[in-house]
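Notes to accompany the following structure.
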Amino acid sequence: MSKAKRYWMMKSEPDAFGIDDLERVGTEPWNGVRNYQARNFMRDGMRVGDGVMIYHSNCKVPGIAGLARVASIAYPDETQFDPKSKYFDEKATREQPRWFLVDVAFERKLKRVIPLEEIRGYTDALGEGFALTAKGSRLSVFPVTAAQWKLLLSLE
DNA sequence: GCCAACGTTGGC
DNA sequence: GCCAACGTTGGC
């Protein structure tokens with residue numbers, strides 16, 4: 001297995017939990033992901049120390065807001081067991097959890113938010129497989145290649 | 001607030 | 001296993 005550092009993008013809504021919230025708390029269990037593909041990336045792909053770009057969606061200027069790192073291996077998302085949580089899943093059991101998460105640790109805010117609008121200008125360079133600019137993609141957790149990471153950071 | 005695109009659910 | 005209906009995401 002490759003030891004090369006892996007990179008990821010994770011979306012959040014700044015009104016709910018954005019980069020400023022992550023800075024304040026330091027480390028946060030990334031709960032509430034209820035999409036199997038996103039779950040699989042966290043559960044099967046992420047390793048402690050991986051790089052994470054925090055993307056702000058559903059806001060005035062959608063874009064990349066900061067950097068973080070994966071701070072734990074995947075473990076069951078507690079909110080799936082909590083009937084009072086909006087993320088409750090009645091089909092999940094402790095014996096067979098359905099949803100997993102990782103802890104995410106704050107690293108730094110970018111000097112400026114890199115707007116999606118600007119990122120779209122690099123669609124060709126980022127490649128067809130890049131989930132952020134792929135047509136219709138709504139994935140909230142997805143991999144970023146080292147080359148994509150470098151390109152995106154160069155826009156800061 | 002609108003709505004296109006997508007994922008999930010459930011009837012058949 | 002198909003697919004219509006529904007709920008959600010997220011840019012605009």
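Every chain is numbered from 1 and lettered A, B, ... according to where its sequence line falls, protein lines coming before strand lines. All values below were derived from every heavy atom in this structure, side-chain atoms included, with hydrogens, water molecules and symmetry-related copies excluded. Please read these numbers as outputs of a predicted model, since none were measured by experiment.
- With hydrogens and angles left out, the side chain of A:Arg138 and the base of C:dT8 share a donor-acceptor pair within 3.5 Å.
- Of the candidate nucleotides B:dG10, B:dG7, C:dG11, B:dG7 has the atom lying nearest to any side-chain atom of A:Asn35.
- For A:Tyr55, a side-chain nitrogen or oxygen approaches OP1 or OP2 of C:dG11 to under 4.0 Å.
- Atom P of nucleotide B:dT8 and atom CG of A:Asp89 are separated by 12 Å, given to the nearest angstrom.
- Nearest-nucleotide positions on DNA chain B place A:Asn58 closer to the 5' end than the other of A:Gln37 and A:Asn58.
- Residue A:Ser137 is the one, among A:Lys91 and A:Ser137, whose nearest nucleotide of DNA chain B lies closer to the 5' end (criterion: closest heavy atom).
- A:Arg94 and A:Glu78 are joined by a salt bridge, as a carboxylate oxygen and a charged side-chain nitrogen come within less than 4.0 angstrom of each other.
- Remark: P of C:dG11 and NZ of A:Lys60 are 15 Å apart, rounded to the nearest angstrom.
- In this structure, A:Arg34 pairs ionically with A:Asp77, as a charged nitrogen and a carboxylate oxygen lie closer than 4.0 Å.
- Across A:Trp30, A:Tyr36, A:Tyr75, A:Phe81, a single residue satisfies ring-ring contact (aromatic ring centres under 6.0 Å, His included) together with A:Trp99, and that is A:Tyr36.
- Regarding A:Trp99, its CH2 atom lies at a distance of 7 Å from the P atom of B:dT8, rounded to whole Å.
- Summarising the geometry, the separation between CG on A:Leu132 and C1' on C:dG10 is reported as 11 Å, rounded to the nearest angstrom.
- A:Arg98 has its CZ atom 13 Å from the C1' atom of B:dG7, to the nearest Å.
- Counted by atom type alone, A:Tyr87 and A:Asp82 present zero donor-acceptor pairs between their side chains at under 3.5 Å.
- A:Arg34 has its CZ atom 24 Å from the P atom of C:dC6, to the nearest Å.
- Here the P atom of nucleotide C:dG11 and the NZ atom of A:Lys11 are 6 Å apart, to the nearest Å.
- Dashed line: the shortest gap from a side-chain N or O of A:Lys135 to OP1 or OP2 of B:dA5 is under 4.0 Å.
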